[in-house]
Amino acid sequence: MDELVQLEDISKGYTNKNVLHHISLEINKNQIVAILGGNGVGKSTLLRIIAGIQRPSSGKVNYYNKAINIGYVPERFPNLIRFTPGEYLNYIGKISGIPESLRNRTISDFLHRFQLEELNNQWVMNLSKGSIQKVGIIQAIMQKPGLLILDEPISGLDSHAQQELIGIMKELKEEGTTVLLTYHESNILENVVDTAYNLNNGHLSKTNAALQKESIKLLSVENIADSYVIQWNEVLYMEKRGNSLLLFVHLRNSDKILYRILQLQGSIRSVETIDTLKGKFQE
């Protein structure tokens with residue numbers, strides 16, 4: 001495989017804390033690569049360094065293609081944009097050099113795929129967290145970058161947008177894009193990840209996302225709004241089925257989620273234990 005990015009002995013420290021320690025890594029073309037780890041371990045810092053947004057304290061990042069186009073979506077996309085989604089995306093596309101006819105088609109297609117058409121008369125700053133995240137994702141992918149960097153991209157997205165993003169990641173990979181992403185919990189993204197690394201105590205080690213298995217509870221619930229559920233980080237995946245919501249959560253978090261549902265006067269239809277999410281949503 002052809003190398004796209006190389007990290008050489010990257011370290012990053014702040015005033016009172018060293019976050020990354022002597023990380024070396026090669027990222028190849030046409031790959032979907034995940035950086036895993038808990039909150040506060042430095043995943044976002046590492047992504048910003050690879051994106052060229054933040055400088056390491058020592059070490060260097062080598063891009064084998066000096067003209068590489070990088071698309072970057074932070075975990076929380078800025079919500080101070082005084083444009084409608086279409087206006088903002090048109091502006092980004094224009095300054096990126098995308099021809100007008102292609103720009104219009106691309107924006108229209110992605111607004112439709114992410115179900116943002118009905119919100120295109122509102123300013124981005126007034127949209128929900130999930131809708132703002134969709135706009136952030138579109139601005140990064142509409143340029144068909146050589147390297148797409150996504151920090152916790154599933155967080156806040158509804159189930160339709162989650163599946164749409166996974167489909168787009170597959171499409172971009174087929175067209176030559178490398179995707180680098182983080183996610184906090186093992187979830188449906190593990191089915192599309194080629195290579196995964198674990199970041200712990202500032203050190204990076206290779207792992208196999210497909211082998212990270214833990215018992216999963218499948219909760220079938222009713223009378224609960226999905227707008228509540230998408231804010232719950234413990235929910236690995238959510239799917240609508242008729243009048244029910246199917247929620248997939250780790251065994252260790254199932255009691256907490258069931259308690260929340262009852263507090264919100266939701267109904268619990270069934271609780272089922274499955275071995276893993278892997279394969280559950282594969283095409």
Side-chain angles (χ1 to χ4, degrees), residues 1-13 18-38 40-75 77 96 136-137 139-155 165-212 278:
M1 286 181 284
D2 296 329
E3 293 87 357
L4 184 70
V5 182
Q6 181 190 50
L7 308 187
E8 288 188 30
D9 203 29
I10 296 292
S11 294
K12 180 64 179 179
N18 291 323
V19 179
L20 304 175
H21 301 280
H22 306 290
I23 290 176
S24 295
L25 173 67
E26 285 192 351
I27 300 172
N28 296 313
K29 295 179 180 178
N30 298 89
Q31 292 279 290
I32 298 178
V33 179
I35 306 294
L36 309 178
V41 298
K43 302 190 302 294
S44 296
T45 298
L46 183 59
L47 292 195
R48 288 194 295 269
I49 288 173
I50 296 172
I53 296 170
Q54 193 167 355
R55 291 181 179 274
S57 300
S58 61
K60 59 188 296 189
V61 180
N62 298 315
Y63 304 99
Y64 288 93
N65 177 2
K66 301 301 182 182
I68 186 173
N69 180 15
I70 299 176
Y72 170 69
V73 184
E75 181 177 0
F77 197 73
S96 300
I137 291 169
Q139 63 83 30
I141 63 179
M142 62 186 290
Q143 307 171 50
K144 293 189 176 179
L147 175 62
L148 175 63
I149 299 177
L150 304 169
D151 194 354
E152 301 282 356
I154 294 298
S155 176
L165 176 58
I166 289 172
I168 289 169
M169 287 166 56
K170 292 178 180 178
E171 294 168 14
L172 289 172
K173 178 186 171 183
E174 291 176 0
E175 295 171 1
T177 295
T178 290
V179 181
L180 176 64
L181 73 155
T182 66
Y183 54 90
H184 181 60
E185 297 276 9
S186 178
N187 56 32
I188 54 170
L189 288 173
E190 70 182 20
N191 294 320
V192 297
V193 169
D194 298 302
T195 307
Y197 297 88
N198 187 64
L199 185 60
N200 186 36
N201 293 324
H203 298 281
L204 197 66
S205 59
K206 194 170 184 178
T207 185
N208 186 342
L211 294 179
Q212 293 187 343
K278 182 167 176 59

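Along the sequence shown, the residues carry numbers beginning at 1. Just so it is clear, the structure is predicted and the values come from calculations on it, not from any experiment.
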J.: Give a yes or no answer on whether the side chain of Glu174 reaches the backbone of Glu171 with a donor-acceptor pair at less than 3.5 Å.
T.: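 Not confirmed, Glu174 side chain does not pair with Glu171 backbone.
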
J.: Once you round to the nearest 0.5 Å, how far does CD1 of Ile149 lie from CD1 of Ile49?
T.: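 Atom-to-atom, Ile149:CD1 and Ile49:CD1 are 11.0 Å apart.
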
J.: What closest approach, in Å, do Lys206 and Tyr197 show between heavy atoms, and which atom pair accounts for it?
T.: CA-CD2, 3.6 Å

J.: Would you mind reporting whether Lys60 and Pro56 have side-chain heavy atoms less than 4.5 Å apart?
T.: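 Side-chain contact under 4.5 Å: no.
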
J.: Mind checking what makes side chain to side chain contact (heavy atoms under 4.5 Å, CB included) contact with Tyr64, not counting sequence neighbours?
T.: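 For Tyr64, the residues satisfying side chain to side chain contact (heavy atoms under 4.5 Å, CB included) (neighbours in sequence not counted) are Glu3, Gln6, Glu26.
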
J.: I want to check something: taking the side chain as every heavy atom from C-beta on, are Ile137 and Ile168 in contact at a cut-off of under 4.5 Å?
T.: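 A side-chain contact under 4.5 Å is absent here.
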
J.: If I take atom CG from residue Asp151 and atom OH from residue Tyr72, how far apart are they, to the nearest 0.5 angstrom?
T.: 5.5 Å

J.: Looking at CD1 of Ile10 and CG of Leu20, how far apart are the two atoms once the value is rounded to the nearest 0.5 Å?
T.: 8.5 Å

J.: Would you compute the distance between atom CD1 of Ile154 and atom OG1 of Thr182 and round it to the nearest 0.5 angstrom?
T.: 10.5 Å

J.: Restricting to non-hydrogen atoms, name the atom on Val5 and the atom on Tyr63 that form the minimum distance, rounded to 0.1 Å.
T.: CG2-CD2, 3.9 Å

J.: If only atom types and distance count, is the side chain of Ser11 paired as donor or acceptor with the main-chain N or O of Ser57 below 3.5 Å?
T.: no

J.: Which atom names give the shortest non-hydrogen contact between Ala34 and Tyr183, and what distance separates them?
T.: CB-CE2, 3.8 Å

J.: Under the rule for side chain to side chain contact (heavy atoms under 4.5 Å, CB included), what residues qualify as partners of Glu175, not counting sequence neighbours?
T.: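 Lys144, Leu172.
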
J.: Val179 and Val192: side-chain contact (heavy atoms from CB on, under 4.5 Å), yes or no, with the steps?
T.: CA-CA 10 Å; Val179 181; Val192 297; over 6 Å; no

J.: Taking only residues two or more places apart in sequence, or in another chain, which ones meet Lys173 in a side chain to side chain contact (heavy atoms under 4.5 Å, CB included)?
T.: Ile32, Asp194

J.: Could you pull out the closest heavy-atom pair between Met169 and Leu150, with the gap in Å?
T.: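 Closest approach of Met169 to Leu150: SD-CD1, 4.3 Å.
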
J.: Keeping Thr178 on the side-chain end and Asn28 on the backbone end, is there a donor-acceptor pair under 3.5 Å?
T.: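 Yes, Thr178 side chain to Asn28 backbone: donor-acceptor pair under 3.5 Å.
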
J.: How close do Leu36 and Ala196 get, counting heavy atoms only, and between which atoms?
T.: CD1-CB, 4.2 Å

J.: Which distance, rounded to the nearest 0.5 Å, do you find between the CG of Asp2 and the CD of Gln31?
T.: 11.0 Å

J.: Report yes or no: do Ser24 and Asp9 form a side-chain donor-acceptor pair below 3.5 Å?
T.: no

J.: Measure the CG-NE2 distance between Leu204 and His22 for me, rounded to the nearest 0.5 Å.
T.: 14.0 Å

J.: Checking side chain to side chain contact (heavy atoms under 4.5 Å, CB included) between Lys43 and each of Thr45, Val41, Leu46, Leu47, which is the one that passes?
T.: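 Filter result, single survivor: Val41.
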
J.: What are the two closest heavy atoms between Ala140 and Leu148, and how far apart are they?
T.: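 For Ala140 versus Leu148, the nearest heavy atoms are CB-CD1, 3.8 Å.
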
